[in-house]
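Following this message is one structure expressed as structure tokens.
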There are 2 protein chains.
Amino acid sequence: MRVKQPPRTRLSADARERLIARGAVAFFCEAGFGGQTRELAKRLGITQPLLYRYFPNKEALIDRVYREVYLNRWDPRWEELLDDRSRPARERIVAFYRDYAKAVLSYEWIRIFMFSGLRGMNLNSRYLTLVRDRIYTRVIRELRREYGMPSPAEVPIGEMEFELMWALHASIFYIGIRKWIYGLEIPENVDEVVENLATAFLDGVPAVMAKALKPAAKAPRRAPRPRG
Amino acid sequence: MRVKQPPRTRLSADARERLIARGAVAFFCEAGFGGQTRELAKRLGITQPLLYRYFPNKEALIDRVYREVYLNRWDPRWEELLDDRSRPARERIVAFYRDYAKAVLSYEWIRIFMFSGLRGMNLNSRYLTLVRDRIYTRVIRELRREYGMPSPAEVPIGEMEFELMWALHASIFYIGIRKWIYGLEIPENVDEVVENLATAFLDGVPAVMAKALKPAAKAPRRAPRPRG
DNA sequence: AACGCGGGTGATCGGGCGATAGATAGGCGG
DNA sequence: CCGCCTATCTATCGCCCGATCACCCGCGTT
């Protein structure tokens with residue numbers, strides 16, 4: 001006797017492809033890219049060979065996952081927000097990080113980001129270069145302006161200033177790592193924590209930046225630089 | 001004619017086991033735990049079945065890697081260092097983080113830590129609970145003392161204080177992530193960066209802690225607290 | 001010199017998993 | 001209502017990889 005199979009649902013090629021792509025994101029960010037195509041198919045309620053009608057091989061599926069996750073997450077309004085000088089700089093920066101945290105502190109983003117990094121993709125470095133060029137530079141520029149310091153055009157942004165930005169970025173991103181990679185409990189209202197981190201950063205940064213902008217007041221960091 | 005094989009080197013069981021264990025750490029932290037036993041054997045210059053003479057299966061090998069990495073990294077002197085009240089608290093804390101960073105910012109530690117987290121091991125959470133209970137509490141205790149605030153026995157450590165510690169931890173750990181997971185360039189002298197992060201933290205923390213210790217001065221974070 | 005213990009190897013098995021090929025059936029155009 | 005297109009399925013291939021087994025051989029002991 002034939003066992004009653006769940007009825008073979010027939011979708012348009014477009015719809016099915018989108019379903020597979022979305023399912024692949026959910027699956028691979030949980031199981032890692034070592035996850036098996038049979039398992040993915042089972043979760044989608046389809047047979048495994050059907051995946052190969054829409055994607056030539058597993059690698060293409062993974063590429064699609066990358067594109068799905070990396071591309072659809074960048075909000076161009078972030079840059080506008082940071083540039084909008086009708087609002088105080090501090091307010092803009094805090095608003096930005098509140099928003100950025102909301103976009104980035106998700107199970108999918110955090111895990112895919114880690115998996116792709118560990119896999120040796122250069123997607124991470126490309127993405128983070130974007131963050132540095134589009135966000136960090138803007139924040140530093142606006143902060144310098146706020147505190148009456150020379151603009152980046154006059155005095156280029158120093159390594160230590162970027163490190164400060166990295167530290168803020170890290171303290172926010174790590175909340176997601178704690179939750180979705182280590183499986184630790186995190187505070188109920190992440191929003192408040194992010195806001196505190198951003199404001200604490202803004203309170204602490206001028207002193208450090210001022211110090212970094214006066215390199216003369218500081219011992220040269222390494223001796224053997226025999227230059228005229 | 002027999003091809004000259006690399007001479008079958010015969011070691012004592014102990015020596016061989018240690019060699020395999022060390023090689024497994026190096027191999028798996030690079031390739032991930034999906035790395036193949038044949039590849040590991042090749043790097044060790046032995047045949048793959050020999051692995052199974054010393055370890056019953058791949059999982060046991062991985063367990064050994066965990067033990068190798070997780071256990072040998074905790075320095076009990078850290079706690080003594082933080083407790084040593086003959087030195088100023090700030091100095092102790094900066095010294096600790098300089099040392100801790102040196103221990104933790106290594107290719108092996110960072111990657112194994114991430115891999116084991118993504119694999120769903122609870123080793124990470126166990127380790128980090130240790131860090132919280134042994135380090136964070138100590139740092140907060142000493143800082144409170146330094147700034148004339150009530151001791152943890154009087155006023156328990158609040159969530160926001162722990163979040164501050166997490167932020168510092170994150171900003172240091174993330175340096176390793178940037179380098180060994182994302183493959184990004186990091187500053188030449190990490191020591192200086194870590195020291196700056198620690199001192200900036202120490203400069204910024206009293207204000208935030210003071211605020212956190214006066215919950216009355218702050219709006220209750222959730223409405224349903226009907227108060228006069 | 002003979003022996004045997006134990007470290008090391010070659011050959012191979014069995015299951016798992018990516019990928020393919022040919023059969024089947026849903027649904028639209030006529 | 002027929003016929004075709006194509007989305008989906010069943011069956012299977014071939015390789016990879018963890019694991020096993022039988023055998024080899026160098027060294028210490030007697």
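All heavy atoms count here, side chains included; hydrogens, waters and symmetry mates do not. Bear in mind the structure is a predicted one, so any value in this text is a computation, not a measurement. So that the names make sense, note that chain A is the first sequence line, chain B the second, and so on, each numbered from 1.
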Legend entry - Test applied, side-chain hydrogen bond (donor to acceptor under 3.5 Å, both in side chains); reference residue, B:Ser116; option that passes from B:Tyr127, B:Tyr70, B:Tyr66: B:Tyr70
Inset, instruction - Look at the side chain of B:Ile46 and decide which nucleotide, out of C:dG8, C:dT9, D:dA19, has an atom nearest to it. - result: C:dT9
Inset, instruction - Measure from the side-chain heavy atoms of B:Pro49 and tell me the nearest of C:dG8, D:dC21, C:dA19. - result: D:dC21
Legend entry - Residue B:Ala13, side-chain atoms from C-beta onward, closest of D:dT8, D:dG18, C:dG7: C:dG7
Inset, instruction - Provide, to the nearest angstrom, the distance between the NZ atom belonging to B:Lys58 and the P atom belonging to C:dG15. - result: 19 Å
Inset, instruction - Look at all strands and tell whether A:Gly34 reaches a base, only sugar-phosphate, or nothing, counting heavy atoms closer than 4.0 Å. - result: nothing
Legend entry - No-H, no-angle donor-acceptor pair, A:Arg53 side chain to D:dT6 base, under 3.5 Å: no
Legend entry - Whole angstrom value for the distance that separates C1' of C:dT24 from CZ of A:Arg10: 11 Å
Legend entry - OP1 or OP2 of D:dT8 under 4.0 Å from side-chain N/O of A:Arg16: yes
Legend entry - N/O (side chain, B:Thr47) to phosphate O (OP1/OP2, C:dG8) under 4.0 Å: no
Inset, instruction - Send over the distance from A:Asp14 CG to D:dT8 P, rounded to a whole Å. - result: 12 Å
Inset, instruction - Calculate the interatomic distance between B:Leu11 atom CG and C:dC5 atom P; express it in whole Å. - result: 22 Å
Legend entry - Comparing B:Arg38 and B:Ser12 on DNA chain C - which has the more 5′ nearest nucleotide: B:Ser12
Inset, instruction - Send over the distance from A:Ile20 CD1 to D:dC9 C1', rounded to a whole Å. - result: 14 Å
Legend entry - Length of the line joining B:Leu51:CG and C:dG10:P, which is rounded to integer Å: 14 Å
Legend entry - Between C:dT24 (C1') and A:Leu50 (CG): distance, integer Å: 14 Å
Inset, instruction - Evaluate whether atom CZ of A:Arg77 has more than 12 neighbouring non-hydrogen atoms of other residues, nucleotides or ligands under 6.0 angstrom away. - result: no
Inset, instruction - In whole angstrom, give the distance that lies between atom OH of B:Tyr52 and atom C1' of D:dT20. - result: 10 Å
Inset, instruction - Check every atom of D:dA19, D:dC25, C:dG27 against the side chain of B:Gln48 and return the nucleotide holding the closest atom. - result: D:dA19
Inset, instruction - For this output row, return yes or no: ring centroids of A:His169 and A:Tyr97 closer than 6.0 angstrom. - result: no
Inset, instruction - Show your working on salt bridge (Lys or Arg N to Asp or Glu O under 4.0 Å) between A:Lys102 and A:Asp191 and close with a plain yes or no. - result: CA-CA 8 Å; A:Lys102 238 193 276 298; A:Asp191 275 5; 3.4 Å; yes
Inset, instruction - Would you mind classifying the nucleic acid contact of B:Tyr54 as base, sugar-phosphate or nothing, using non-hydrogen atoms under 4.0 angstrom? - result: sugar-phosphate
Inset, instruction - With A:Arg178 as the cation and B:Trp166 as the aromatic partner, state whether NZ or CZ is under 6.0 Å from the six-membered ring centre and within 45° of the axis. - result: yes
